[in-house]
Amino acid sequence: MVNVLLSILTGIIVVFPFVITVVFLIFMKRMGKAPAAVIGKAADFTTPFLFLSVYITSMTIFGKGTGFYITSIAILIAIFLAVVERVKVKEFEIGRVLQKTWRLFFLLLSLSYVILLVIGITFKILEYVK
């Protein structure tokens, strides 16, 4: 019974990673934190689940492993942002670069996730119509 519940919970988290964001925001609000102050932390907390969700969704839609591409793009973005930060700022702060990179990953993965959902739904509709 516990295994079934854990499987269902894991499936929901993978398929709907934004549930984590909403639960995190609700939890922080109950703790007395202002929602505007914790939105960034909620995005930071959700990003690993978005990596997993985008990977599994693209694997389901296209049937090919895309983990290498997702990881390669993430590394290239991190390197690019580090170089830009190093050129712009005299005092290079790795924590600040990592935070900017992680938040950019959140935005890009969110966009990728929505695009993949639309593509997946479109493919299923076209498959059903045939």
Side-chain angles (χ1 to χ4, degrees):
M1 182 68 175
V2 173
N3 288 338
V4 172
L5 290 176
L6 286 175
S7 296
I8 291 171
L9 182 63
T10 304
I12 290 171
I13 288 171
V14 167
V15 175
F16 303 110
F18 296 108
V19 169
I20 296 170
T21 307
V22 172
V23 169
F24 188 85
L25 288 173
I26 290 171
F27 180 73
M28 286 299 180
K29 184 173 181 166
R30 297 221 183 227
M31 289 183 61
K33 308 277 185 180
V38 295
I39 288 178
K41 290 181 183 180
D44 293 343
F45 189 71
T46 307
T47 302
F49 298 103
L50 277 168
F51 271 108
L52 184 62
S53 295
V54 167
Y55 171 73
I56 290 174
T57 305
S58 64
M59 184 77 154
T60 303
I61 293 171
F62 302 116
K64 296 180 181 177
T66 57
F68 174 75
Y69 300 113
I70 294 170
T71 306
S72 298
I73 291 170
I75 291 170
L76 289 173
I77 289 171
I79 291 170
F80 176 75
L81 287 177
V83 169
V84 168
E85 185 75 15
R86 180 67 180 129
V87 170
K88 280 177 47 178
V89 180
K90 288 184 180 180
E91 291 186 29
F92 182 75
E93 295 178 27
I94 191 71
R96 200 166 116 188
V97 173
L98 289 175
Q99 184 179 28
K100 286 181 181 181
T101 305
W102 201 246
R103 301 265 168 95
L104 181 61
F105 288 161
F106 175 79
L107 294 174
L108 292 174
L109 289 169
S110 297
L111 179 65
S112 300
Y113 181 74
V114 170
I115 290 170
L116 284 171
L117 281 181
V118 169
I119 290 171
I121 291 169
T122 305
F123 281 175
K124 283 298 177 184
I125 290 172
L126 291 174
E127 183 181 308
Y128 181 74
V129 170
K130 286 182 183 179

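I26 and M28 are assigned to two separate hydrophobic clusters, defined by single-linkage of ILVMFWY side chains at heavy-atom distances under 4.5 Å. In this structure, L109 is a member of the same hydrophobic cluster as L107, with clusters built from ILVMFWY side-chain heavy atoms closer than 4.5 Å. A single hydrophobic cluster is not seen to contain both V114 and I73; linkage of ILVMFWY side chains at heavy-atom distances under 4.5 Å, directly or through other members, places them apart. There is no path of hydrophobic side-chain contacts, each under 4.5 Å, that joins L104 to I79. Criterion: ILVMFWY side-chain heavy atoms under 4.5 Å apart, direct or through other members. Under it, I70 and M59 are part of a common hydrophobic cluster.
Side-chain contacts under 4.5 Å among hydrophobic residues (ILVMFWY), followed directly or transitively, place V89 with no other residue at all. Think of V129 as one node in a network of Ile, Leu, Val, Met, Phe, Trp and Tyr side chains linked at under 4.5 Å; its network also takes in I121, I125.
Partners of L126 under the side-chain contact (heavy atoms from CB on, under 4.5 Å) rule, at least two apart in sequence or in another chain, are T122. The salt bridge (charged side-chain N to carboxylate O under 4.0 Å, His left out) search around R86 returns none, not counting sequence neighbours. Residues forming a side-chain contact (heavy atoms from CB on, under 4.5 Å) with I56 (at least two apart in sequence, or on another chain): V14, L52, T60. Taking Y55 as the reference, nothing meets the ring-ring contact (aromatic ring centres under 6.0 Å, His included) condition, with sequence neighbours excluded. In terms of the side chain to side chain donor-acceptor pair (under 3.5 Å) criterion, K124 has no residue partners (sequence neighbours excluded). Qualifying side-chain contact (heavy atoms from CB on, under 4.5 Å) partners for L5, counting only residues two or more places apart in sequence or in other chains: none. Under the side chain to side chain donor-acceptor pair (under 3.5 Å) criterion, S110 pairs with no residue, sequence neighbours left out. Shown here are the side-chain contact (heavy atoms from CB on, under 4.5 Å) partners of L111, two or more places apart in sequence or in another chain: I115. Here S53 pairs with nothing under the side chain to side chain donor-acceptor pair (under 3.5 Å) rule; sequence neighbours left out.
Note that OG1 of T46 is 10.5 Å distant from CH2 of W102, once rounded to the nearest 0.5 Å. From T101, atom OG1 reaches atom CD1 of I77 across 8.5 Å, with rounding to the nearest 0.5 Å. We find the CG-CZ distance between L81 and R96 to be 12.0 Å, quoted to the nearest 0.5 Å.
Applying the 6.0 Å contact sphere to CZ of F18 captures more than 12 heavy atoms from other residues, nucleotides or ligands. Counting non-hydrogen atoms of other residues, nucleotides and ligands closer than 6.0 Å to CZ of F62 gives a total above 12.
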Report the C-alpha distance between F51 and T47 in whole Å, list the side-chain angles of each, state the deciding distance to 0.1 Å, and finish with yes or no for side chain to side chain contact (heavy atoms under 4.5 Å, CB included). CA-CA 6 Å; F51 271 108; T47 302; 3.8 Å; yes
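F106 and A43 get closest at one heavy-atom pair: CD1-O, 3.5 Å. Pairing each heavy atom of T21 with each of A42, the nearest pair is CG2-CB, 3.9 Å. Here the closest non-hydrogen pair linking S58 and T66 is OG-OG1, 2.6 Å. Considering every non-hydrogen atom in both A74 and F105, the closest pair reads O-CZ, 3.1 Å. The two residues R103 and D44 come nearest to each other via the heavy atoms NE-OD1, 2.8 Å.
Sorted by first and then second residue, the ring-ring contact (aromatic ring centres under 6.0 Å, His included) pairs with a member in residues 24-44 read F24-F45; sequence neighbours excluded.
In this structure, the side chains of L76 and F80 stay at 4.5 Å or more apart for every pair of heavy atoms.
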